[in-house]
Amino acid sequence: MRATEPPSWLELTAEQVDAADAVPGAAARTRAELFTRLAETLDLPGYFGRNWDALADCLSDLVETGPLTLTVEDADQLLVDEPPAQLATLLDVFDDAWSHGRHPVRVVLRTAPERLPELRRRIIAGG
């Protein structure tokens, strides 16, 4: 059965978010761009392998040291140049960090009000 709402650790919003460092969704339309932006924003170690398994490992390490909050601006652009399964994989990686981490994980996906329904549809479709 597919979920009809985003997971509890994921917030979809059109409201202004106070985030010192946010990933620009428009600059993370591909996996390669996303991995680069996450490495910068989350200050991932130099050995980060820029693939899903490496991201999962790095997030696991981060969540062991303290709470993790990630904000993505213009989130409707996030991974739009990739097959939909890539967004689903990203959500799975964060869900795993949330499920198994010592500290809380929160992901905020922010977009313009008129694009919020499409973002919600993509997230729910991604599972």
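The line from CG of L55 to CZ of F35 is 6.0 Å long, rounded to the nearest 0.5 Å. Distance check, rounded to the nearest 0.5 Å: CG of L68 to CH2 of W9 gives 10.5 Å. Interatomic distance, CG of D74 versus CZ of R115, reported as 6.0 Å (0.5 Å rounding). The distance from atom CG of D76 to atom CD of E114, rounded to the nearest 0.5 Å, is 8.5 Å. Taking CG of L90 as the start and CZ of R31 as the end, the distance is 11.5 Å to the nearest 0.5 Å. To the nearest 0.5 Å, atoms CD1 (I124) and CG (L91) are separated by 9.5 Å.
Residues F48 and C58 come closest through the heavy atom pair CD1-SG, 3.8 Å. The two atoms that bring A14 and A112 nearest to each other are CB-C, 4.2 Å, heavy atoms only. Scanning both residues, A27 and E33, for their nearest heavy atoms gives O-CB, 3.2 Å.
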Handout entry: side chain to side chain contact (heavy atoms under 4.5 Å, CB included) between L10 and W98, intermediate numbers included
Key = CA-CA 10 Å; L10 180 61; W98 173 80; over 6 Å; no
Practice task
Tell me, with the steps shown, if V93 and D53 meet side chain to side chain contact (heavy atoms under 4.5 Å, CB included).
Solution key: CA-CA 8 Å; V93 168; D53 288 337; over 6 Å; no
Practice task
Please test V80 against R122 for side chain to side chain contact (heavy atoms under 4.5 Å, CB included), starting from the C-alpha separation and ending with a verdict.
Solution key: CA-CA 10 Å; V80 295; R122 283 183 65 215; 3.5 Å; yes
Handout entry: Working for side chain to side chain contact (heavy atoms under 4.5 Å, CB included), residues T13 and L109
Key = CA-CA 6 Å; T13 187; L109 300 181; over 6 Å; no
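Proximity of D57 to Y47: side-chain heavy atoms (C-beta onward) are nowhere separated by under 4.5 Å. Inter-residue side-chain proximity for T71 and V23 is flagged as unmet; no heavy-atom pair is nearer than 4.5 Å. In this structure, the side chains of D95 and S99 come closer than 4.5 Å at one or more pairs of heavy atoms. Within the 4.5 Å cutoff, the side chain of P67 has heavy atoms near those of the H103 side chain. Looking only at side-chain heavy atoms (C-beta outward), L34 and L79 come within less than 4.5 Å of each other. Taking 4.5 Å as the limit, some side-chain heavy atom of I123 sits within range of a side-chain heavy atom of L119. Side-chain atoms of L70 and F94, non-hydrogen and from C-beta on, do get closer than 4.5 Å to each other. Taking the side chain as every heavy atom from C-beta outward, L12 and R110 never approach each other to under 4.5 Å.
For E15, the CD atom is loosely surrounded, since the number of other residues' heavy atoms within 6.0 Å does not exceed 12.
For R121 and E118, the salt-bridge test passes: some basic side-chain N is under 4.0 Å from an acidic carboxylate O. E11 has a carboxylate O that lies under 4.0 Å from a charged side-chain N of R106, or vice versa, which qualifies the two as a salt bridge. The pair R120-E5 counts as a salt bridge, with a side-chain nitrogen and a carboxylate oxygen less than 4.0 angstrom apart.
Between the side chain of Q86 and the backbone N or O of E82 there is no donor-acceptor pair closer than 3.5 Å. T41 contributes no side-chain N or O that, together with a main-chain N or O of L38, makes up a donor-acceptor pair within less than 3.5 Å.
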